[in-house]
Amino acid sequence: MRVRFAPSPTGYLHIGGARTVLFNWLVARQANGQFILRIEDTDRSRHVEDSVQKIFDDLRWLGLDWDEGPEIGGDFGPYYQSQRLDIYHEHIDRLIQGGCAYYALETPEQLQAMREAAEKSKGGFRYPRPDPIPTIEQGEAARSAGQPVVVRFKMPDEAITVVDDILGEVTLASDQFEDFVIQKSDMFPTYHLACVVDDALMGITHVFRGQEHLMNTPKHIALQKALGFSTPRYGHLSVIFNPDGSKMSKRDKEKAIKQGVAPPEIDVHDFRSAGYLPEAVLNFISLLGWSPGNDIERFALDEMVALFRVDRIGKTNARFDRDKLLAFNTDWSTRVSPTRLLVAFKDFLNIHEDTPAMMREADDAILARMLSLCEGFRTFADVIKKTGFLFVADESIEFMPKAVKKVLQKKEGAGLAMLMQLLPKIESLSDWSGEKIEQLLSDICEESGEKLGNVAQPIRVAITGSTVSPSIHETLAFLGRDRTLTRIRRCLAMHS
RNA sequence: GCCCCCAUCGUCUAGUGGCCUAGGAUACCGGCUUUUCAUGCCGGCGACAGGGGUUCGAGUCCCCUUGGGGGUGCCA
């Protein structure tokens, strides 16, 4: 079995594309087949600089490796379509010479006008085969005269049935077909031609792709027949939508930024820089249109390989529920090993834009402690938020007015009084460990009859400026004795 | 407009004619744990789009309606 993923380099890898890769990859790995990566860069106008590298990065982050393709090589290369132009020309030529394709002379403007006319008369436009068809000589003459000339494939006049491993049999009547373009006027092949030729020459046996390609498949089958290729097995995947039912597109991000709200994660890279684990992302998207058929929902990549079954891929479109992804991420953050979590966290700190400088320089031991302090977090971004106060200078702690009022000043300054009372006791603690600090605080509570909250909260506000932090004794242990005392003193000086 | 695909809790889904009084996850609500924010644990709410058939029996098969989606590019 040989399967492929064939993105066009128009930007980062979309989350929907990620699911397509995942399913293809799973099928290949399970069958001990090959997974091939091919870059479909036949549209020069849409090409985005660096996006190929970005797609590789995203795939590697997800842990989806390819057996053949860019940066790996293989016996069926090159794996960039832009480097296979001669191959396509050869095949296009064969079709023209064999009478299966012909030069078409309409300009884009003429076609546009025909489409508009068809729309006005409430009909759909279908390209009418010219009668007579331009001869090869006419086509070549027009081309050398500088006119835009394309090559169109003669679609056969018969119904075509797509045998789909997900959808079943889908038959399209011949009156739905038209002679479609296989070579553009810039001499590049269209997607249809390049895809069919490459799939055949690369020995692809199974194609799982988005449902937007279902109507293309009869075209591809006809091309395969004309070229003497066999038809691979096809499977068309459902579409993934936003929670509101709209299409998940990169434009959502621009829209959100314009409206001043946080842009939603759309591309794989967005999830990476927002602090998700690839394990969680993979697990979550695997469940969009697939299920192992029982009540088990959590699995790592290797478990998915074992469980995956093409006949368990669903037909229904799915909405992307970020809340559920978030829950998966929390779950996976406790499921992976501490070592693995640390590696992922460091990757995040590198990529994330708002990583505090001091955090960037923190060593592994400190980062690992941050993670364990924050156990139960949603994303890595929350870890930054929750521990950020540890990474600012003691004299730069900003006190949130609400916190000061509620915890320190209420009840005639009970909180401040508590801090004052606490200060000497904390000063005299010689063994500065989490356990000892916890012991000290509970002793204080017992002596004074105070609830732990009344003791811990003022300290929390004093050292963080807010009412939120990891558990108080661990936080103090982390901060260290000197910095703790400095912060408490500063707080007392500012608010007494 | 035409062609095609799809249809179970808000969302992701299990269900392949009797195991369905429809299961799980997530969200939401309530309780417990707790020094804060979370996490965790327990409980609750909550769906077969509508209408016709077929059958002893239908969420499961067929038809229609409705709704959603895809296609109708010298994009992929």
Side-chain angles (χ1 to χ4, degrees), chain A residues 6-8 10 40-43 45-46 104 106-108 111-112 115 118-119 121-127 148-152 162 164 166-168 170-173 175-178 180-186 188 190-192 194-195 209-216 218 236 238-239 241 243 245 247 284 287-298 314-328 330-331 333-334 374-378 382 385-386 403 407 438 441-442 445 451-461 464 466-473 475:
Chain A
S8 10
T10 57
E40 308 221 319
D41 50 353
T42 55
D43 184 356
S45 65
R46 290 213 313 161
E106 294 81 6
T107 64
L111 288 169
Q112 185 56 30
R115 272 192 197 97
E119 195 154 329
S121 60
K122 280 191 278 183
F125 173 70
R126 211 164 307 123
Y127 177 81
V149 174
V150 299
V151 177
R152 286 184 184 263
V162 178
D164 189 297
I166 297 168
L167 263 15
V170 181
T171 301
L172 280 302
D175 62 5
Q176 294 305 311
F177 303 140
E178 64 175 2
F180 57 94
V181 175
I182 55 176
Q183 185 182 64
K184 312 175 208 176
S185 55
D186 66 0
F188 271 63
T190 59
Y191 163 73
H192 306 297
C195 172
R209 57 183 6 170
Q211 218 173 58
E212 65 270 20
H213 288 299
L214 180 58
M215 296 300 150
N216 290 332
H236 291 91
S238 61
V239 188
F241 294 102
K247 207 165 178 179
F284 177 75
L287 260 7
L288 262 25
W290 172 76
S291 125
N294 52 31
D295 287 341
I296 299 168
E297 260 197 342
R298 304 298 153 95
K315 308 174 185 183
T316 324
N317 292 338
R319 296 182 187 207
F320 195 95
D321 181 359
R322 286 193 178 70
D323 287 332
K324 185 159 177 175
L325 207 215
L326 243 13
F328 270 47
T330 300
D331 188 48
S333 72
T334 61
C374 294
E375 210 181 283
F377 62 85
R378 287 314 229 187
D382 295 342
K385 247 186 257 162
K386 202 167 175 178
V407 178
E438 190 174 21
L441 295 182
S442 74
C445 287
K451 283 200 289 191
L452 197 43
N454 294 336
V455 176
Q457 278 305 78
I459 301 177
R460 179 168 278 119
V461 173
T464 73
S466 79
T467 53
V468 176
S469 87
S471 74
I472 197 70
H473 59 277
T475 303

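Proteins get letters first, then strands, A, B, ... in listed order; numbering begins at 1 in each.
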Item to complete: Please say whether more than 12 non-hydrogen atoms of neighbouring residues, nucleotides or ligands are located less than 6.0 Å from CD in A:Gln112.
Response: yes
Discussion item. Within the supplied structure, the quantity of interest is the number of heavy atoms (other residues, nucleotides, ligands) at a distance under 6.0 Å from A:Glu212 CD; does it exceed 12?
Written reply: yes
Discussion item. Would you say A:Arg46 and A:Thr10 are linked by a side-chain donor-acceptor pair, where the criterion is simply a distance under 3.5 Å?
Written reply: no
Fill in: Interatomic distance where NE2 belongs to A:His236 and C1' belongs to B:G70 [whole Å]
11 Å
Nucleotide of [options] approaching [X] most closely (side-chain heavy atoms):
{"X": "A:Arg460", "options": "B:A76, B:G70, B:U35", "result": "B:U35"}
{"X": "A:Val239", "options": "B:C74, B:G70, B:U26", "result": "B:G70"}
{"X": "A:Phe125", "options": "B:C5, B:G73, B:A27", "result": "B:G73"}
{"X": "A:Leu172", "options": "B:C3, B:U26, B:C74", "result": "B:C3"}

When you compare [N] with [M], how far apart are their [atom1] atoms, in angstrom units rounded to a whole number?
{"N": "B:G30", "M": "B:U66", "atom1": "C1'", "result": "38 Å"}
{"N": "B:U11", "M": "B:A7", "atom1": "C1'", "result": "15 Å"}
{"N": "B:G59", "M": "B:G50", "atom1": "P", "result": "11 Å"}
{"N": "B:C74", "M": "B:C61", "atom1": "P", "result": "39 Å"}
{"N": "B:U35", "M": "B:U21", "atom1": "P", "result": "46 Å"}
{"N": "B:U54", "M": "B:U60", "atom1": "C1'", "result": "13 Å"}
{"N": "B:A27", "M": "B:C45", "atom1": "C1'", "result": "12 Å"}
{"N": "B:G44", "M": "B:C63", "atom1": "C1'", "result": "40 Å"}

Worksheet item: Which part of the nucleic acid does A:Asn216 contact within heavy-atom distance under 4.0 Å: base, sugar-phosphate only, or nothing?
Response: base
Worksheet item: A:Leu287 near the nucleic acid: base, sugar-phosphate alone, or nothing, with a heavy-atom cut-off under 4.0 Å?
Response: sugar-phosphate
Please name the nucleotide paired to [N] by Watson-Crick or G-U wobble geometry with both distances under 3.5 Å, or report none.
{"N": "B:C41", "result": "B:G31"}
{"N": "B:U72", "result": "B:G1"}
{"N": "B:U54", "result": "none"}

Worksheet item: Got A:Lys324 and A:Leu287 here, is their nearest side-chain heavy-atom distance under 4.5 Å?
Response: no
Discussion item. Taking the cut-offs as 6.0 angstrom to the six-membered ring centre and 45 degrees off its axis, would you call A:Arg152 and A:Tyr127 a cation-pi pair?
Written reply: yes
Discussion item. Would you say A:Arg115 places a side-chain N or O within less than 4.0 Å of OP1 or OP2 belonging to B:G73?
Written reply: yes
Discussion item. Please confirm whether the shortest side-chain N or O distance from A:Lys385 to OP1 or OP2 of B:C37 is below 4.0 Å.
Written reply: no
Practice prompt. Kindly say whether A:His236 contributes a backbone atom to a donor-acceptor pair with the side chain of A:Asp164 at under 3.5 angstrom?
Written response: yes
Table of protein N/O atoms under 3.5 Å from nucleotides 6-11 of chain B N/O atoms:
from  : atom 1 : to       : atom 2 : distance (Å)
B:C6  : OP1    : A:Lys315 : NZ     : 3.4
B:G10 : N2     : A:Asp321 : OD2    : 3.4

Discussion item. Counting distance alone, no hydrogens or angles: does the base of B:G24 have a donor or acceptor under 3.5 Å from a partner atom on the side chain of A:Glu297?
Written reply: yes
